[in-house]
Q: 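Please read through the structure below; I'll follow up with questions.
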Amino acid sequence: MRLVVVLTAIIVIGLTTIRIIQLQDIEPRMDQAFMVDWVQSIYESDHILPDRSSDQGWLAALEADQDSFLYAVVKPIYVANTTIFVVGSLIWFSLGSLFIGISASAQVVLSIIGHSLMLLCLAALPIYGAGRNVAMLNERRIIGILALAIAAASSFLHGFSPLGAHNVGVLTLIAAVLISGRYLAVFKTGNNSFRDLVAVIVIQAIACYSFYTNVFLLPTATFGLLLFQAPPKLSRRLPEAFRFSILTVLSMLPALLLIALTALRPHAVAGAEDFVDLGRWVFEGGDQSFLLVIADNFTSWFTRQAEIFSATGLTLAIAGLAVLSTRYRQPLPLGIVVMHLIVWTIMARFGAQGAQYTRTSVYVAPFLALGLATLVVCMAQWTVRQHKTQPIRAYGLAATAIAGLAAHLATDLPRLSDLRKTPGWGAYYSDQNIWRPLVREIESTAQANAVIFPWDQSTAYMIRILRRRDPGNITVIRPFERLYEQYSR
């Protein structure tokens, strides 16, 4: 077992090194650029608490003192409330920057490392997410290793690995599924304790505050399994589900307090958004009727996942997750995928309509790799057991498994060799090596202490995060679009 762990770790370290060499100099875009800028702003602050005058309130001083550490941390959360649910990612990139720096390339490296740790958690999931004294240990080990290999070979996940905070979100999601699945397995036997429940709440809170996509997937899937999976009896499941719900709501108190604060004192900056704005946006379905929107969203989930993974791989992966739930007694991965489908169907902007599928699909892709690995291993194991008594059926099943895996890899592996073929992100990788030379041109042209007045927020981020000179020599002010929004109200 130790040899397997060591070899797996060596393979993942090698993969991480290759990706860092290949991808560290990519140019970030809006979401990732925002996180890089946030980290850089924190490191460039020169004092912790805001300076206050005698007649100035604490909140007014915080809003005014842009050079304070607290301002750098809190302002993005105050302006866009949903960023409270990326604080976990902010901590990851901020702490990592202590060791490798705050440049955009350093943040890409930290993203790739987070993605690689996710692969290790995925490999551990079939064993350590199944509770205590698990059966079929060798099968589970093979499933974990094969799932890691399929996920590592995924062109979509490979292309996504340097793209920032979502990778921390997926890492914490897989870690939370591992611990929560273990808790659910122990709960079915009646041997769980309140401490186990608290551990689940803590790891799920970390996942939810690492990226808000997890808020829609983790607590809901866990609650559903607590309520509906048997044994134990309903008389035990209901109180446990209630305790889980109460503790989950308590873990959301920081977000609830932020909602109250911004309701009492909304931020005046143009472009500010809150949970109400986000809620209104994600449910927008255009001019179609509600039923048509639901139907389109439902079918688009299968279309987009087949595009990202492969049509054959998706079909086999869903069947494999069902096998993982029944044969191997691990229902939470399937529960996450089902919740992903439900949220995608209900929230139009979560999926294809809002062009968010390129981000939200990364939360389901590792589980598809796990499902495909599970089905292949299970069919291989059945073949080994039955080849003497039912040779035709056994070898036919083995051939089907091999053909299915080969068909999936035949679709996905060719895309792995060219980032411009990455599903959903091909255009992004085709549009590289533009911003760095552009910013270098600005730096060589601008005089000392120059003021840059960018057109939009994306341009402002790119100039700030890619500049090489002392930040004090070039000042990037609020973009024109934000000023226009403010004065055109």
Side-chain angles (χ1 to χ4, degrees), residues 16-46 66-67 72 75-76 89-90 92-94 96-115 158-167 271 358-359 418-422 424-484:
T16 305
T17 304
I18 292 170
R19 284 180 172 169
I20 289 173
I21 293 170
Q22 180 185 10
L23 302 171
Q24 65 177 328
D25 290 326
I26 65 163
E27 295 173 346
R29 289 298 185 266
M30 190 65 180
D31 291 351
Q32 188 179 8
F34 161 74
M35 180 60 72
V36 175
D37 183 64
W38 196 359
V39 172
Q40 290 179 350
S41 298
I42 290 171
Y43 273 82
E44 289 166 2
S45 60
D46 53 23
Q66 299 186 16
D67 295 322
K75 186 201 170 184
S89 295
L90 176 67
W92 170 269
F93 288 106
S94 298
S97 295
L98 289 171
F99 302 97
I100 62 174
I102 62 172
S103 68
S105 295
Q107 306 304 299
V108 168
V109 170
L110 290 170
S111 177
I112 293 171
I113 292 172
H115 185 90
H158 172 69
F160 201 91
S161 63
L163 299 184
H166 283 285
N167 285 289
T358 55
R359 297 165 177 83
D418 187 351
L419 286 166
R420 293 170 297 180
K421 296 179 181 178
T422 304
W425 291 97
Y428 165 74
Y429 281 110
S430 299
D431 192 30
Q432 289 290 311
N433 301 316
I434 295 173
W435 278 101
R436 275 194 172 86
L438 186 153
V439 173
R440 298 295 168 261
E441 178 72 18
I442 291 173
E443 288 181 319
S444 64
T445 305
Q447 300 295 316
N449 301 316
V451 175
I452 306 296
F453 187 16
W455 168 256
D456 58 14
Q457 190 64 61
S458 178
T459 302
Y461 284 146
M462 295 305 293
I463 295 174
R464 283 205 295 256
I465 69 173
L466 294 177
R467 61 190 176 188
R468 290 185 300 191
R469 291 167 54 180
D470 179 356
N473 289 341
I474 294 180
T475 302
V476 183
I477 66 173
R478 284 176 62 200
F480 179 84
E481 70 168 356
R482 291 291 187 240
L483 292 172
Y484 182 82

Q: Do side-chain atoms of Thr445 reach the backbone of Ile442 as a donor and acceptor pair under 3.5 angstrom?
A: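 Not a single qualifying donor-acceptor pair exists.
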Q: Indicate the ring-plane relationship of Trp38 and Phe34, choosing parallel, tilted or perpendicular according to the 30° and 60° boundaries.
A: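 Plane angle between 30° and 60°, so tilted.
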Q: Rounded to the nearest 0.5 Å, how far apart are CG of Leu23 and CG of Leu163?
A: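 Result: 8.5 Å between the selected atoms.
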Q: Of the non-hydrogen atoms in Pro479 and Trp455, which two are nearest, and what is the gap between them?
A: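 Of all heavy-atom pairs spanning Pro479 and Trp455, the closest is CB-O, 3.7 Å.
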Q: Which heavy-atom pair separates Arg19 from Ser161 by the least distance, and what is that distance?
A: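 Residues Arg19 and Ser161, closest heavy atoms: CD-OG, 3.8 Å.
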Q: Distance-only, no hydrogens or angles: does the Tyr429 side chain make a donor-acceptor pair with backbone N or O of Thr422 under 3.5 Å?
A: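 Flag not set: sc Tyr429 to bb Thr422 has no pair under 3.5 Å.
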Q: With under 30° as parallel and over 60° as perpendicular, where do the rings of Trp425 and Phe160 fit, or are they tilted in between?
A: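 Correct class here is perpendicular.
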Q: If you look at every heavy atom in Pro162 and Gln32, which pair is closest and at what distance?
A: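 Closest approach of Pro162 to Gln32: O-NE2, 2.7 Å.
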Q: Report the distance from atom OG of Ser430 to atom CG of Asp418, rounding to the nearest 0.5 Å.
A: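 Ser430 atom OG to Asp418 atom CG measures 7.5 Å (nearest 0.5 Å).
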Q: Quick check for you: to the nearest 0.5 Å, what is the distance between Glu443 atom CD and Leu466 atom CG?
A: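 The CG atom of Leu466 is 9.0 Å from CD of Glu443, to the nearest 0.5 Å.
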Q: I'd like to know if the side chain of Tyr43 reaches the main chain of Gly101, judged simply by a donor and an acceptor atom lying under 3.5 Å from each other, with no hydrogens or angles considered.
A: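 Answer holds: no.
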Q: Main chain of Arg436, side chain of Glu27: is a donor-acceptor contact present, judged purely on distance under 3.5 Å?
A: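 Checked: pair present.
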Q: If you count the non-hydrogen atoms of other residues, nucleotides and ligands that lie under 6.0 Å from CZ in Arg440, is the total more than 12?
A: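 Yes, because the 6.0 Å sphere around CZ of Arg440 holds more than 12 heavy atoms from other groups.
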Q: Tell me whether Gln24 contacts the main-chain N or O of Val108 through its side chain, where contact means a donor paired with an acceptor under 3.5 Å.
A: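 Checked: no pair found.
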Q: Please round to the nearest 0.5 Å and tell me the distance separating atom OG of Ser41 and atom CD1 of Ile102.
A: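 With rounding to 0.5 Å, OG (Ser41) is 9.0 Å from CD1 (Ile102).
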Q: For the residue pair Ser111 and Gly164, what are the closest heavy atoms and their distance?
A: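 That would be OG-N, 2.9 Å.
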Q: Might you point out which heavy atoms bring Asp31 and Arg359 nearest each other, and give the distance in Å?
A: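 Minimum heavy-atom separation between Asp31 and Arg359: OD2-NE, 2.7 Å.
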Q: First locate atom CZ of Arg464, then atom OG1 of Thr459, and finally report the distance between them rounded to the nearest 0.5 Å.
A: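 Between atom CZ of Arg464 and atom OG1 of Thr459 there are 11.0 Å.
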Q: Take Val109 and Phe99, measure what side-chain contact (heavy atoms from CB on, under 4.5 Å) needs, and give me the verdict at the end.
A: CA-CA 11 Å; Val109 170; Phe99 302 97; over 6 Å; no
Q: Which pair of non-hydrogen atoms, one from Asn167 and one from His115, has the smallest distance, and what is that distance?
A: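 Between these two residues, the closest heavy atoms are OD1-ND1, 2.9 Å.
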Q: Counting C-beta onward and ignoring hydrogens, is there a side-chain heavy-atom pair between Leu90 and Val39 closer than 4.5 Å?
A: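 Answer yes - side chains close enough.
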Q: State, yes or no, whether a side-chain contact exists between Leu419 and Gln432 at a heavy-atom distance under 4.5 Å.
A: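 Answer no - side chains too far apart.
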Q: Find the distance between CZ (Arg467) and CD (Gln40) and round it off to the nearest 0.5 Å.
A: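 Arg467 atom CZ to Gln40 atom CD measures 7.5 Å (nearest 0.5 Å).
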Q: Do we see a donor-acceptor contact under 3.5 Å between the side chains of Gln107 and Ser97?
A: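 Result is yes, a qualifying pair exists.
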Q: Can you check whether Ile26 reaches Tyr428 side chain to side chain, under 4.5 Å on heavy atoms?
A: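 SC-SC contact between Ile26 and Tyr428 confirmed.
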